[in-house]
Amino acid sequence: MNDHPAPTGAAPRRRPLHHVLARRARALTEARWFALSVFVLIIVNAALLGAETYSGLARDWHHWLHLAEHLCLAAFTVEIAVRACAHADRPRDFFRDPWNLFDLAVVACAFLPLVRENTTVLRLLRLARVLRTARFLPQLRIVIVAVARSLPGTVSFLLVGTLLLYVYAMVGWVFFGEANPGQYGSLGRAALTLFLLMTLDGLGDAVHAGLEVSRWSILYYASYVLIASFVLVNVLIGVVISSLEEARELEREHSPAPDTPSVPVPMPVPAQAQAQAPVPVPNPEVDLRTRIAVARRALDDLEAVLPPLLVTHPPEPPVLTPAPASAPDTAHP
C-alpha cells in the first residue's frame with residue numbers, strides 16, 4: 001500500500017519554445033509602431049537613393065551615404081527575421097504570403113556577391129524596396145493587386161490591338177505608301193503612325209493628308225479611330241475596373257473582421273456530473289398555480305390591447321300610469 005498521497009493535480013505543461021517565440025514576435029509585428037517604423041525606414045531608403053543622383057552631394061557625403069545604406073540593410077534584415085519568427089509555429093504560412101516572399105527576395109539578394117559587385121543591379125534592388133510601401137498602404141495594395149489580376153485581360157487586349165494595327169498598317173501602306181512615305185513608307189512606320197493616332201494626337205493632319213489622296217480615306221481613319229480609340233480602350237478600362245473590384249473583395253476577405261462582443265459559451269457538463277446530479281421532481285400544485293398566474297397575466301395584456309367595447313344599456317321599460325277613475329254618477333232621474 002502506498003503511503004504517499006496521490007497528487008491532486010498535474011503540473012502545468014510548459015509550452016514549446018517556438019510557440020512562445022512566435023507569439024511574442026507576432027505581437028511585435030502586429031503593433032502599429034512597428035509598421036510605422038518600417039514605413040519610415042522605406043521612405044528614408046528612397047530619399048538616400050535619390051540623394052545619390054546628385055553628383056556633388058554623392059561625392060561630399062559618400063561615406064555617410066554608404067553607412068546609411070548599410071544601416072538600412074541591417075534594419076530590413078532584422079525586420080524580415082522578426083516576421084519569420086512570427087511564423088515559427090507554422091513556417092508554411094510565411095511562404096504562402098506573396099509579400100513575405102517579395103520582402104525576403106529583396107533583402108536576400110542584397111547579400112549575394114554578384115549583386116553587390118554590380119552597382120546598377122544593386123540600385124535597382126534598392127529601388128524595389130520602395131514598392132514595399134504597398135504592404136502598409138491598403139489602397140495602394142489594392143491597386144497593385146488589381147493591376148496584377150488584370151494582366152491576363154491586358155495580354156488579350158494587346159493581342160487584339162496588335163492584330164488591328166497590323167491590318168490597318170498594311171492597308172495604309174497600300175493606299176498612302178507612295179503619297180506619304182514618311183508615315184506609311186513601310187509596315188513599321190505605318191504601325192507607329194497608327195499607334196500615335198490611337199491617342200487622337202495628330203488625327204486632323206492625318207485626315208487632311210489622306211483627303212488629298214482620296215476622299216475614301218475618311219472611312220479608313222473613322223473606322224480605325226472608332227475601333228481602336230473607343231472600343232478597345234473602353235474594353236481595357238472595363239478589364240481594369242473588374243480586376244479592381246476583385247482586388248477589393250480579396251482585401252475585404254483577408255482584412256481582420258472588426259471586434260465583436262464575445263458571447264459567453266456555456267461549458268459542457270461532463271457525463272458523470274450529469275449522472276450524479278439529482279433530477280428535480282416537479283410539484284403539481286406549484287406548477288398549476290404558475291400556469292394560472294401566466295394565464296391571468298396574458299388576459300390582462302389582451303384586455304389592455306383590445307379597444308374598449310361599447311356598452312349598450314337595455315331600454316328602460318315604459319312606466320304605466322293608471323288612468324284617472326271616473327266620478328260615480330250620484331244623480332238619480
Side-chain angles (χ1 to χ4, degrees), residues 17-18 20-151 154 247 251 254-256:
L17 180 60
H18 62 279
V20 178
L21 179 62
R23 180 172 55 84
R24 294 183 179 180
R26 195 176 301 115
L28 180 61
T29 55
E30 293 177 355
R32 184 176 180 82
W33 65 268
F34 182 83
L36 185 60
S37 301
V38 177
F39 180 77
V40 172
L41 187 63
I42 294 174
I43 299 300
V44 171
N45 177 78
L48 293 174
L49 186 61
E52 292 182 359
T53 59
Y54 297 92
S55 57
L57 187 62
R59 183 177 58 254
D60 298 337
W61 296 84
H62 175 73
H63 175 71
W64 296 105
L65 290 177
H66 193 66
L67 178 61
E69 163 60 19
H70 282 285
L71 291 177
C72 289
L73 180 59
F76 286 133
T77 306
V78 172
E79 181 225 350
I80 198 66
V82 172
R83 293 190 183 277
C85 291
H87 296 79
D89 54 344
R90 35 190 176 85
R92 294 183 179 179
D93 292 348
F94 177 81
F95 296 98
R96 290 176 182 174
D97 190 355
W99 290 107
N100 289 336
L101 297 178
F102 177 75
D103 296 345
L104 182 62
V106 170
V107 174
C109 289
F111 293 96
L112 298 178
L114 181 62
V115 176
R116 298 187 64 85
E117 293 174 359
N118 195 331
T119 308
T120 304
V121 177
L122 184 60
R123 287 180 177 176
L124 292 177
L125 186 63
R126 292 174 58 189
L127 183 62
R129 297 176 188 171
V130 182
L131 298 177
R132 297 186 58 205
T133 53
R135 187 186 188 110
F136 309 99
L137 299 177
Q139 296 299 327
L140 182 59
R141 186 167 59 247
I142 290 175
V143 173
I144 293 179
V145 173
V147 172
R149 295 184 67 87
S150 64
L151 288 180
T154 306
E251 183 69 19
H254 289 83
S255 60

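Side-chain atoms are counted along with the backbone in the values below, which use heavy atoms only and exclude waters and symmetry mates.
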Enumerate, atom names and distances included, each donor-acceptor pair closer than 3.5 Å involving a side-chain atom of residues 27-35, sequence neighbours excluded.
residue, atom, partner, partner atom, Å
Thr29, OG1, Ala25, O, 3.2
Thr29, OG1, Arg26, O, 3.0

Contacts of His63 meeting ring pair (Phe, Tyr, Trp, His ring centres under 6.0 Å) (sequence neighbours excluded), chain-then-number -> none

Hey, can you pull the donor-acceptor pairs under 3.5 Å for the side chains in residues 101-114, sequence neighbours left out?
residue, atom, partner, partner atom, Å
Asp103, OD1, Arg132, NE, 2.8
Asp103, OD2, Arg132, NH2, 3.4
Asp103, OD2, Arg135, NH1, 2.7

Verify side chain to side chain contact (heavy atoms under 4.5 Å, CB included) between Arg83 and Asn100, making sure each step is shown before the conclusion. CA-CA 8 Å; Arg83 293 190 183 277; Asn100 289 336; 4.3 Å; yes

In short, side chain to side chain donor-acceptor pair (under 3.5 Å) pairs touching residues 36-45 with sequence neighbours left out are Asn45-Arg129

Residue pairs passing the salt bridge (Lys or Arg N to Asp or Glu O under 4.0 Å) test with at least one member in residues 37-47, sequence neighbours excluded, are none

Within 6.0 angstrom of Arg24 CZ, more than 12 heavy atoms from elsewhere: no

(message) To the closest 0.5 Å, what do you measure between CG (Leu48) and CH2 (Trp64)?
(response)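 Atom-to-atom, Leu48:CG and Trp64:CH2 are 13.0 Å apart.
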
Sequence neighbours excluded, the answer for side chain to side chain donor-acceptor pair (under 3.5 Å) partners of His66 is His70

- Give the intermediate values and the outcome of side chain to side chain contact (heavy atoms under 4.5 Å, CB included) for residues Ile80 and Phe94. CA-CA 11 Å; Ile80 198 66; Phe94 177 81; 4.2 Å; yes

